[in-house]
Amino acid sequence: MAESQKSNRRVNSPQVYATFLKLIGFESSKTTFAEKLISGVGATFGIYFCFVLSQIYLPSDYSSILLTAMGATSVLIFALPHGALSQPWSVFGGHLISTGCGFLAFSIVPDVQLASALAVGLAVFSMYISKCLHPPGGATALYIVLTAHSAQGFVLWDFVNVVLINIGVLVLFAVVFNNLFHWRRYPAYLTFHHAEVPDNKQHLSHEDFNAALLQLDSFVDVSTDELITICELALEHAKHAQGGDDILITPACFYSNAGLGMAWDVREVIRVTKTDVVYRSATNKAEPINRCHLTEFKRWAKYEVEFEHNAWLKKQRLKAVS
């Protein structure tokens, strides 16, 4: 009995680990290595040009100001060029509104701690209602308060010039750099404005997506157009890759049940007989090896899949001939 309990704890530990990863929001990236490298290269040159042009056009006292906040902005516009938080209005509006919030908090609250907290809170609220939510803006508001309290002769307009030059350089370079690659477009409107959305019977309208986003009542870093395109392409892919009872079940292959969320699973076939299938879960290593009737497995399996580009994808192959 004691050995059985130890075995159960040992078996459940991978499942606990997988649950913990989901709990903390860890998810393997679905992008290629080239995409990751391009993002890093873009951010490198973006910050470099920001430094160089700031030294040319700004007085020496201000030439390196706000580059910390620009580092956070560069992550968004080069790694997530299609994200809602990365678009030009979010970048310009977010930083400029946050600059004003920081100055307002500094002007009305003498205590630096309260002023700092108020500046960030005002910045978040103001960016939200102005539809230009940009996380690095919070750093800008905080920087304004801390600098204003420590500097002599603080002039708001000088800092506005600093912000404009920094974000202007980054956004202009992002437009040029991201559009060098056909799968990247910045602003994101250039990607989805001319996108041809496949027509199908399961078509969802723009209003449906807007209603769903409103029902969530939480900011999602994806535009409605991008969400519609992703969903429609997924539906089109599903239409052309359906499985069935005549799917060929082969040892050392993987099959999906086409579920969503917690209902989704991928099984690896270990052995097949005329009547039975021996399999194990490929997504939950904690589950033991199982056996079921071949007919039951065929009803469960919707199509064969393979692990490519760090993701499970449908494998196109001919159906079994009866």
Side-chain angles (χ1 to χ4, degrees), residues 27-99 102 123 127 131-144 146-147 157-195 221-223 225-226 229-230 309-310:
E27 183 178 1
S28 58
S29 175
K30 301 299 187 291
T31 56
T32 62
F33 176 80
E35 174 67 11
K36 296 178 178 68
L37 181 61
I38 288 170
S39 300
V41 171
T44 299
F45 282 100
I47 291 298
Y48 176 76
F49 289 136
C50 195
F51 240 127
V52 171
L53 294 178
S54 293
Q55 291 177 341
I56 293 174
Y57 293 104
L58 292 173
S60 58
D61 294 341
Y62 297 98
S63 61
S64 61
I65 287 178
L66 284 184
L67 281 175
T68 51
M70 294 305 109
T73 294
S74 67
V75 174
L76 290 172
I77 62 178
F78 293 109
L80 304 169
H82 297 159
L85 301 177
S86 310
Q87 300 314 298
W89 169 238
S90 293
V91 178
F92 276 96
H95 280 295
L96 290 174
I97 287 175
S98 296
T99 299
M127 287 188 291
K131 299 182 179 180
C132 58
L133 197 61
H134 189 62
T140 299
L142 182 60
Y143 181 87
I144 293 295
L146 296 177
T147 303
W157 182 245
D158 290 339
F159 280 83
V160 172
N161 286 333
V162 171
V163 174
L164 286 173
I165 290 179
N166 276 264
I167 60 179
V169 171
L170 274 183
V171 169
L172 287 176
F173 180 73
V175 171
V176 175
F177 181 84
N178 285 319
N179 286 284
L180 294 176
F181 310 95
H182 68 86
W183 65 92
R184 282 173 167 246
R185 287 295 180 265
Y186 186 78
Y189 176 79
L190 300 177
T191 299
F192 304 105
H193 178 56
H194 299 293
D221 188 21
V222 60
S223 67
D225 291 334
E226 186 174 21
T229 302
I230 293 171
H309 306 299
N310 208 25

Please give me the minimum heavy-atom distance between [X] and [Y], naming the atom from each residue.
| X | Y | result |
| --- | --- | --- |
| Gly71 | Ser74 | O-OG, 2.6 Å |
| Gly138 | Met127 | N-CE, 4.2 Å |
| Thr44 | Gly40 | OG1-O, 2.8 Å |
| Pro81 | Asn178 | CB-ND2, 3.8 Å |
| Cys132 | Trp89 | CB-NE1, 3.3 Å |

Applying side chain to side chain contact (heavy atoms under 4.5 Å, CB included) between Thr99 and each of Val163, Leu164, Val162, report the one that passes.
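Among the candidates, only Val163 passes.
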Using the side chain to side chain donor-acceptor pair (under 3.5 Å) criterion, which residues pair with Ser98? Sequence neighbours excluded.
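None.
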With sequence neighbours left out, the residues meeting side chain to side chain donor-acceptor pair (under 3.5 Å) with Trp183 are Glu35
Within the 4.5 Å heavy-atom criterion, are [X] and [Y] side-chain neighbours or not?
| X | Y | value |
| --- | --- | --- |
| Ile167 | Met70 | yes |
| Ser86 | Val91 | no |
| Leu37 | Val41 | yes |
| Thr140 | Tyr143 | no |
| Pro136 | Leu76 | yes |
| His134 | Ile97 | no |
| Phe159 | Thr147 | yes |

Between [X] and [Y], is there a donor-acceptor pair closer than 3.5 Å when you use the side chain of the first and the backbone of the second?
| X | Y | result |
| --- | --- | --- |
| Gln87 | Pro187 | no |
| Ser39 | Leu80 | no |
| Arg185 | His82 | no |

If you round to the nearest 0.5 Å, how far is [atom2] of [Y] from [atom1] of [X]?
| X | Y | atom1 | atom2 | value |
| --- | --- | --- | --- | --- |
| Ile77 | Phe177 | CD1 | CZ | 11.0 Å |
| Asn166 | Cys50 | CG | SG | 3.5 Å |
| Leu172 | Phe49 | CG | CZ | 12.0 Å |

Should the pair Phe45 and Phe173 be assigned to parallel (<30°), tilted (30 to 60°) or perpendicular (>60°) ring geometry?
tilted
(message) Test of understanding: with ring-ring contact (aromatic ring centres under 6.0 Å, His included), list the residues that count as partners of Tyr186, not counting sequence neighbours.
(response)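 Partners of Tyr186 by the ring-ring contact (aromatic ring centres under 6.0 Å, His included) criterion come out as none, since no residue qualifies.
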(request) Count the heavy atoms belonging to other residues, nucleotides or ligands that lie under 6.0 Å from OH of Tyr57, then report whether that count exceeds 12. (result) no
